[in-house]
Structure formats: C-alpha cells, structure tokens
Amino acid sequence: MTIRVYNTLSRQKEAFEPMTPGRVHMYVCGPTVYDSCHIGHARSIVVFDVIYRYLMLRGYQVVYARNFTDVDDKIINRANELGISTAELAERYIDEFHADMGALNVKRPNYEPKATEHIDQIIDVVKRLIEKGYAYVVDGNVFFAVEKFNSYGKLSGRKLSEMEAGARIEIDKQKQNPMDFVLWKASKPNEPSWESPWGKGRPGWHIECSAMSIDYLGKSFDIHGGGKDLIFPHHENEIAQSEAAFGQLFVKYWLHNGFVNINHEKMSKSLGNFLMIKDILKAYHPEAIRLFLLSNHYRSPVDFNDQEIREASSALDKIYTLLERVGSVLDELPEADESGTGFGEKGTNYWHLFCNAMDDDFNTAQGIGVLFDAVRHLNRVLDEKSADPSSEEEIQAVCRDILNMGGVLGLLAESPAQYFENQRRTVLEKGSLDSETIEKLVKEREAARKAKDFQTADKIRDQLKEMNIQLEDRPDGTIWRYAK
RNA sequence: GGCGGCAUAGCCAAGUGGUAAGGCAACGGCCUGCAAAGCCGAUAUUCUCCGGUUCGAAUCCGGAUGCCGCCUCCA
C-alpha cells in the first residue's frame, strides 16, 4: 500500500514517494507570535500533527520543522502597544503556544526555529538572490523581481499578467513590478534591526521560511504544509526565492488545510469572532476538540459551533465508555503499539481499514468511521461475553486496534478512569453540587431501591438529572456521570 | 475582474464509475424494577436541478442555480 497525497502543486493526488526512501522531511508554517492561538491555528497544527504521527507509524523516519515568526509588523506594533520588547512579546506567546499545544496533545516537531535566530542564513539567501540577478536593492530594501522567475505562479495557478490586471494593491514606487515582494526590509528608528550588507533592517515575511526550512531540511525536501490562505502569496514566494537561489526543486509535496469557520462565518478581526484555543479548552475536553477537527477531511472547510463540539464530546464519551467496559473485563488495557511495526500483520481488519483510509490523503474522517465500527464490534463482543469467555483474545486485538487508531489521531491518551474523573470534576466546578452531596443522594437511592421503594429512588434520580447528573446502575454499583 | 472549491438523511460527514461508511438526534425492539449505558432494527430507491457519456454515475462531461474561499495581514 502506498500513501497518496493531494499536492497543491499538481492539483491532484499523487503517490507519496519521499526523495530519500524511508525518510521524510517536512516543514509546516507555524504562527506569528503576536497574539493567542485560535481554533484555526489548532486545525492546521493538529492536522499536520496527525500526518506526522501517521508517517512515523508507517515506518518513515521523519524530520519535522515548524517555525515561529517572531519579527514582523504585527509583532512590532503589538509590542509597542504593550510597551515591551518584541522579544518579550514573542516569548510570551511562544510559551502560550506550547501550553495550548501541550493541552491538545500535539507532538513537538524536531525543530521549532525562530526567524530572529536565523538572520545569517536569511542574509545568505538574499545575497545569493542579488548575485544571481533575482533581487535588487532600493534604499536599504531588497526586493525579489518576480518577472525574473519564469515559473512564478505555478503553485497558486496564477499568471503574472492576470494578477497585474486585477491588482488592487497600493503601488510601491520602489518596486519594479507591483508584485515584487520584499526580502529584506530597511528598519525605521526604534524597530528591531540587524546589520546587513544593505544596512540595518529585518527579514521580509517569506524569506525566513525559505532560509530555515533549507537550513534544517535541505535545499529540496518532501512536504511543506500550512493553511490554504498561505498558498498565495506566501508559499508562491517561498518557491520563487528558494528555487531562484538554489536552482533546484524546493518542495515535492505541498499540503494545505482548509479553514475553520465560526457559526458559519469566517473568523475575522472585523467580526471579532476569533475563538482562542485557551478559551475553548475551558469548556471542552481537548480530545473532543481534536476529534471535532479531524471529523472532516483536512482540505475541506469546517464549521465550529456549540452543537458540533458537543457532538464530538458525545462521540468521545462513547469511545471512553467502551474502554472503561474493556477495563472491567481485562486486567489491564492493551498497550498501543507505537513502534511503527504495528502496521504489519499484527493488526486486525479494523486497523488495516483505518490505514487504508489514512493512506488516501490522510482521510481521518473515514478513519474515524472505522474507529467507530471497531467500537461497536467490541461492545457487541462484550455484551455476549458472559456466554463466551473465550472471546478475550478478540477483545485484546480489537482494543489494541482502537488504541492504535487513537494514537494516530492523538486521542485516547487518558485512562478511562482519568477521563471520567476529569469530567465529573468539571461538572462539580461548574455546578452548585459537591461530590459528597451526590454520594449521599446516591446512597439514599440505593437504600430505597433495596427496600423496593422505587418511587423515592426515581425521585432522587430525577432530582440529580435536573442538575445534569446521570446515574447508571451497574452490576457492581451505581456510578454517576455528566448528562449531556 | 482573475483563480479555486463545495452542494449526500433532521444535523455533521465519508464515499471520484459497480449499486449510499460513521457520528449526533429521534423512533421500535432486547436488556433493566424503571432508567442509563450497550446491542439489534427500521430510517436517503437516492446524492441541488437539467442534459450527456456508459451495460452501469453521488462519482466522468456540459449547462443552470445556490453557497464559500483566495487574489490584502491571516492557519
């Protein structure tokens, strides 16, 4: 089985064949650290996190780099507003980013380079572009001359002539062509700046990604990812710079994720509807957010709203409920197999179906369908277990599959006990009840039931239900959980 | 104006030529003192509409309608 990926460059799915067999070098555009991360960032990062996990599981040795843009206009403006340095501002939001991503169970890339720590490499690329005649200097600014690069527009499918016709950008008189973009920006007073052959300045936005990806992954590498909005101009310009400077293919596969809308509207500053990750995490389990984000194919747009995220939460409950059931039957849950060999013969049919889905352009939505098929299968086996104690092996195998799928998706990282305990704690924090009161009521009801006083028992249950507490009578006692 | 995408049950969603996955919700049955959880079942004769290609189309082609994105900082 080969993995097939949709390549923005060719506008079709292609067989995935890394440049070096067995090794994958990938780069994803990370955030500009001037503000908190929103759900849109989360999608991009979670999607590529899953791709990263899956490639490793398929046995590839993956080198993954994701940058921080820590110097640009927005950062400078924000730092000035707050009266702190750009470095302090960047550090603050990098820390926050790591906290958010940690909560979302995102694996750290091998490298997380910052633009400001790669000024030498950036200057080096700019120099090279000037030497080769692709760039020109005007008053301490260095611009890339798009007309000199023949295949400019190949990623976004635009032609220079057409773009000029429709261009509504303010024309910069320093530019030879309105579409030329800045590689090195002369600094104004009181702006962070670095010495360069063209005077004090700072890097343009696009050049950092070229310089850093090349530095960590090579002049040609396999996968470059990011949000769809980065196709033009950011990635188009990265290609132009990199290929002009080094005369070789920059990136083999370009992958772009779709947007997150909020209540059917685009997230935008004018609407003020940015949903920050840290705020969503206050109300919902991080894995519910992941499950929600991965329920649609990564290239499609997805709409974030209360109903959707609640549904994802219910779906996640269903999986953890199953794991809890398994835990009550087996001595311990099987270990997920993250060694990368789990792909071979060990898995059952569910695991292979899941891999088939993932092989098809990382179709997590389909994969999640397989996951739920496995959940239903296992619930059925558990229902019938009393009649057939020899089913333990099957339970082990399917459960391991479920945990393996969870491992790829970055889900099911908690034990069921932890998961439900956290959920109960959240309910208690929100509500006016404390666990002692609940336990007391549960005991009273238990006593009433024993005395066959079902009227009283049901009254207590209804009373708790009104406070979003659902009772569940099990053979080994009554438990309570959050009622959706 | 240029480029691109999408339209599948009440909602979300997978499915790119072989006869409609999965989740949530609701309904019937099993289980239960009753519930809950879980399982089983029935739910789209049909995939926005109109044409065409084909033995066969949600899937390919043409057209229509509707919605959305990018072209400006943006994941």
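Residue numbering restarts at 1 for every chain, and letters A, B, ... go by the order of the sequence lines. Keep in mind the model is a prediction, meaning the values are calculated, not measured.
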[X] [atom1] to [N] [atom2]: how many Å, rounded?
| X | N | atom1 | atom2 | result |
| --- | --- | --- | --- | --- |
| A:Leu230 | B:C71 | CG | P | 10 Å |
| A:Leu464 | B:A35 | CG | C1' | 13 Å |
| A:Tyr34 | B:C73 | OH | P | 12 Å |
| A:Leu291 | B:A13 | CG | C1' | 12 Å |
| A:Leu382 | B:G38 | CG | P | 12 Å |
| A:Lys465 | B:A37 | NZ | C1' | 12 Å |
| A:Met358 | B:A14 | CE | P | 14 Å |
| A:Met405 | B:A21 | CE | C1' | 14 Å |

Residue pairs involving residues 402-421 of chain A (criterion ring pair (Phe, Tyr, Trp, His ring centres under 6.0 Å); sequence neighbours excluded): A:His285-A:Tyr419, A:Tyr320-A:Tyr419
Partner of A:His224 by ring-ring contact (aromatic ring centres under 6.0 Å, His included), out of A:Tyr253, A:Tyr64, A:Trp254: A:Trp254
Output field: ring centroids A:His206/A:His235 closer than 6.0 Å: no
On a whole-Å scale, what distance lies between the [atom1] atoms belonging to [N] and [M]?
| N | M | atom1 | result |
| --- | --- | --- | --- |
| B:U48 | B:A14 | P | 14 Å |
| B:C24 | B:A13 | C1' | 11 Å |
| B:G51 | B:C11 | P | 26 Å |
| B:A25 | B:G10 | C1' | 8 Å |
| B:G4 | B:C74 | P | 23 Å |
| B:U65 | B:G22 | P | 37 Å |
| B:U54 | B:U59 | P | 16 Å |
| B:C68 | B:C73 | P | 23 Å |

Stretch residues 295-302 of chain A: residues that reach within less than 4.0 Å of RNA chain B through a heavy atom: A:Ser295, A:Asn296, A:His297, A:Ser300
Residue-level proximity of residues 44-52 of chain A to RNA chain B when a heavy atom falls under 4.0 Å: A:Ser44
Phosphate contact (B:A36 OP1 or OP2) by A:Trp480 side-chain N/O below 4.0 Å: no
Protein-nucleotides 9-11 of chain B N/O pairs closer than 3.5 Å?
from  : atom 1 : to       : atom 2 : distance (Å)
B:C11 : O2'    : A:Gln307 : NE2    : 3.4

What nucleic acid atoms does [X] come within less than 4.0 Å of, heavy atoms only: base, sugar-phosphate, or nothing?
| X | value |
| --- | --- |
| A:Val260 | base |
| A:Ala315 | sugar-phosphate |
| A:Arg445 | base |
| A:Gly40 | base |

5'-most by nearest nucleotide on RNA chain B - A:Ala312 or A:Gly157: A:Gly157
Check against side chain to side chain contact (heavy atoms under 4.5 Å, CB included), A:Glu112 and A:His98: CA-CA 11 Å; A:Glu112 297 184 282; A:His98 281 139; 3.0 Å; yes
A:Lys74/A:Asp72 under salt bridge (Lys or Arg N to Asp or Glu O under 4.0 Å): CA gap, chis, key distance, verdict: CA-CA 6 Å; A:Lys74 292 189 295 288; A:Asp72 89 325; 3.2 Å; yes
Checking [Y] against [X]: is there a side-chain donor and acceptor pair closer than 3.5 Å?
| X | Y | result |
| --- | --- | --- |
| A:Asp317 | A:Gln423 | yes |
| A:Thr478 | A:Glu446 | yes |
| A:His41 | A:Asp100 | no |

By side chain to side chain donor-acceptor pair (under 3.5 Å) - contacts of A:Asp279 (at least two apart): A:Lys282
Listed partners of A:Lys278 passing side chain to side chain donor-acceptor pair (under 3.5 Å), at least two apart: A:Ser36
With sequence neighbours excluded, what pairs up with [X] under the ring pair (Phe, Tyr, Trp, His ring centres under 6.0 Å) test?
| X | value |
| --- | --- |
| A:Phe48 | none |
| A:His25 | none |
| A:Tyr284 | none |

Range-with-range stems of RNA chain B (Watson-Crick or G-U pairs under 3.5 Å, three or more in a row): B:1-7 with B:65-71, B:10-12 with B:22-24, B:27-30 with B:38-41, B:48-52 with B:60-64
Donor-acceptor contact below 3.5 Å, side chain A:Glu287 vs main chain A:Ala413: yes
Residue pair A:Leu409, A:Phe354: steps toward the side chain to side chain contact (heavy atoms under 4.5 Å, CB included) verdict: CA-CA 11 Å; A:Leu409 300 170; A:Phe354 178 80; 4.1 Å; yes
Minimum-distance nucleotide (side-chain atoms of A:Gln366 versus B:G2, B:G33, B:A14): B:A14
Proximity to the side chain of A:Phe372 - top-ranked nucleotide from B:G33, B:A75, B:G22: B:G22
Full working for salt bridge (Lys or Arg N to Asp or Glu O under 4.0 Å) between A:Asp453 and A:Arg449: CA-CA 6 Å; A:Asp453 180 5; A:Arg449 285 182 73 210; over 6 Å; no
Under the 3.5 Å rule, do the base of [N] and the side chain of [X] count as making a donor-acceptor pair?
| X | N | value |
| --- | --- | --- |
| A:Arg449 | B:G33 | yes |
| A:Asn363 | B:G15 | no |
| A:Asn77 | B:C73 | no |
| A:Arg461 | B:A35 | yes |

Cation over ring face, A:Arg43 and A:Tyr298, 6.0 Å, 45°: no
Parallel, tilted or perpendicular: rings of A:Phe68 and A:Phe97 (30°, 60°): perpendicular
Salt bridge (charged side-chain N to carboxylate O under 4.0 Å, His left out) partners for A:Glu191, two or more places apart: A:Arg202
Base versus backbone protein contacts along nucleotides 39-44 of chain B [heavy-atom cut-off under 4.0 Å; B, S, -]: SS----
